[in-house]
Amino acid sequence: MKRQALILASGRLNPEADMLIKKVLEPFIHEVLDQQRIDIAGHTIIATLINIDPAHADSILADLRENGGSTGLDFALEIQDEAK
């Protein structure tokens, strides 16, 4: 069963932030639906909308935090309501 999940990342300017997200997602079966990035005033903000098995959400978030923590990025992941 696939569901949409929104990954949010923010922190100090990081030109490789989107590549970090892509690398963390590689081991998981997923589909990237949309990604938007803003680099402004020395900060990076990335929103990535994906289709995933909801059972993988906790593992994905843990991997993002583990791999992105040293880069100064904060991560959040939210499973979207089925109605959306």
State, with a plain yes or no, whether a side-chain heavy atom of Ile60 is found less than 4.5 Å away from one of Leu25. yes

Please list all pairs passing the ring pair (Phe, Tyr, Trp, His ring centres under 6.0 Å) test where one or both residues lie in residues 8-28, with sequence neighbours left out. Phe28-His56

Identify, with sequence neighbours excluded, every residue that meets side chain to side chain donor-acceptor pair (under 3.5 Å) alongside Glu16. none

Test side chain to side chain contact (heavy atoms under 4.5 Å, CB included) applied to Glu31 - qualifying residues, sequence neighbours left out: Leu33, Asn51

How far apart are the C-alpha atoms of Leu6 and Gln80, what are their side-chain angles, what is the distance that settles it, and do they pass the side chain to side chain contact (heavy atoms under 4.5 Å, CB included) test? CA-CA 7 Å; Leu6 182 62; Gln80 302 295 291; 3.6 Å; yes

By side chain to side chain contact (heavy atoms under 4.5 Å, CB included), Ala57 pairs with (sequence neighbours left out) Ile52, Leu77, Ile79

Count I, L, V, M, F, W, Y as connected when their side-chain heavy atoms are under 4.5 Å apart, and connections chain through other members. Are Ile7 and Leu49 then in the same cluster? no

Could you give all pairs that pass the salt bridge (Lys or Arg N to Asp or Glu O under 4.0 Å) test and reach residues 33-43, with sequence neighbours left out? Asp18-Arg37, Arg37-Asp39

Listing request: all side-chain hydrogen bond (donor to acceptor under 3.5 Å, both in side chains) pairs with a residue in residues 60-70, at least two apart in sequence or in separate chains. none

For His30, give me all partners under ring pair (Phe, Tyr, Trp, His ring centres under 6.0 Å), at least two apart in sequence or on another chain. none

According to side chain to side chain contact (heavy atoms under 4.5 Å, CB included), who are the partners of Thr71, at least two apart in sequence or on a separate chain? Asn14, Leu20, Leu73

Identify the heavy atoms of Phe75 and Gly68 that sit nearest to each other, and give their distance. CE1-CA, 3.7 Å

Determine whether Lys22 and Val32 make a side-chain contact, defined as any pair of heavy atoms from C-beta on separated by less than 4.5 Å. no

Which residues share a side chain to side chain contact (heavy atoms under 4.5 Å, CB included) with Ala62, sequence neighbours left out: none

Atom pair CD1/CD1 of Ile40 and Ile45 - distance to nearest 0.5 Å: 7.5 Å

The side chain to side chain donor-acceptor pair (under 3.5 Å) partners of Arg12 (sequence neighbours excluded) come to none

The reported gap from CD1 in Ile38 to CD in Gln36 (rounded to nearest 0.5 angstrom) is 7.5 Å

Please determine whether side chain to side chain contact (heavy atoms under 4.5 Å, CB included) holds for the pair Leu8 and Ile46, giving the CA-CA distance in whole Å, both sets of side-chain angles, and the decisive distance to 0.1 Å. CA-CA 6 Å; Leu8 298 172; Ile46 297 178; over 6 Å; no

Once salt bridge (Lys or Arg N to Asp or Glu O under 4.0 Å) is applied, what residue pairs with a partner in residues 45-54 remain, sequence neighbours excluded? none

